[in-house]
Amino acid sequence: MLPNLVLIGFMGCGKSSVGRRLSLLTGHRFVDTDDLVTTAENRSISEIFAAEGEDYFREAEARVLQDLVGVCGIILSTGGGLILRASNRETLRQIGVVAWLDAEPDVLFERASRSGKRPLLQTADPRATFDQLIASRREIYAATADFRLDSTHYGHDEAAQLLLEEALRHRQRFAY
Ligand code: S3P
């Protein structure tokens, strides 16, 4: 049986789009931590950041993640900062095979800033903020993931296919 697959990576790397395609390929249910937080809080991520601040969001994010322990048959897409807490990193590796979906910084920035929905990039100099955040996180993504896929030159369908093939090579971490 295919274990759960967990997608980590920076804003704009395509976790949700690739995750939905993986769900179609595998029959696993697509789950997104940002969606779970939004539903639990009944407001958008931007509203939560504006009204309560980042720490509050991180608590909510850690709670929805914890609720997924023991759940089988899922493709889990995670918010880009979920890996910041060591306890979350452990939980992610317990939940499934962890894939780091990466892309070149220019590509990530273009995609991440497109929607205007990323509160962390609402600064005077979004590109500088982006560069700082990514520099502080790359090692954490690398240390958390079973493997990395650079999706810069792939469409979502191709990335999903490659990711699935690579994930199958890592499933021995799980007993089933
Ligand atoms: C965040 C990434 C966002 C969302 C929140 C914080 C981050 O998710 O969780 O805005 O800290 O990188 P995406 O990675 O899906 O954009």
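For this chain, numbers begin at 1 and follow the sequence in order. Keep in mind that the numbers below use all heavy atoms, side chains included, and drop hydrogens, waters and symmetry copies. Numbering of ligands and ligand atoms starts at 1, following listing order. Predicted model, so just to flag it, every value in this text is computed and none were measured.
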Query raised in the report: Backbone, side chain, both or neither: what part of R111 comes under 4.0 angstrom of ligand 1, heavy atoms only?
Result: neither
Query raised in the report: Which one holds for L133 and ligand 1: side chain close, backbone close, both close, or neither close, with close meaning a heavy atom under 4.0 Å?
Result: neither
Query raised in the report: If you count the atoms of ligand 1 from 1 in the order shown, which ones are under 4.0 Å from a heavy atom of F57?
Result: 9 (O)
Query raised in the report: Any N or O of K15 that comes nearer than 3.5 Å to an N or O of ligand 1?
Result: yes
Query raised in the report: Is there a nitrogen or oxygen of G80 sitting under 3.5 Å from a nitrogen or oxygen of ligand 1?
Result: yes
Query raised in the report: Could R137 and F10 be counted as a cation-pi pair, given that NZ or CZ must be under 6.0 Å from the ring centre and within 45° of the axis?
Result: no
Query - Salt bridge flag under 4.0 Å for residues D34 and R118 - result: no
Query raised in the report: Tell me, which protein residue and heavy-atom name are nearest atom 15 (O) of ligand 1, and how many Å apart are they?
Result: D34 OD2, 3.2 Å
Query raised in the report: Is there any N or O on R137 that sits under 3.5 Å from an N or O of ligand 1?
Result: yes
Report task. Would you mind listing which atoms of ligand 1 come within a distance below 4.0 Å of any non-hydrogen atom of I45? Result -> 5 (C), 10 (O)
Query raised in the report: Which ligand 1 atoms does L120 reach within 4.0 Å, using its non-hydrogen atoms?
Result: 7 (C), 11 (O)
Query raised in the report: Considering only heavy atoms of M11, which atoms of ligand 1 have at least one such atom less than 4.0 Å away?
Result: 2 (C), 12 (O), 14 (O), 16 (O)
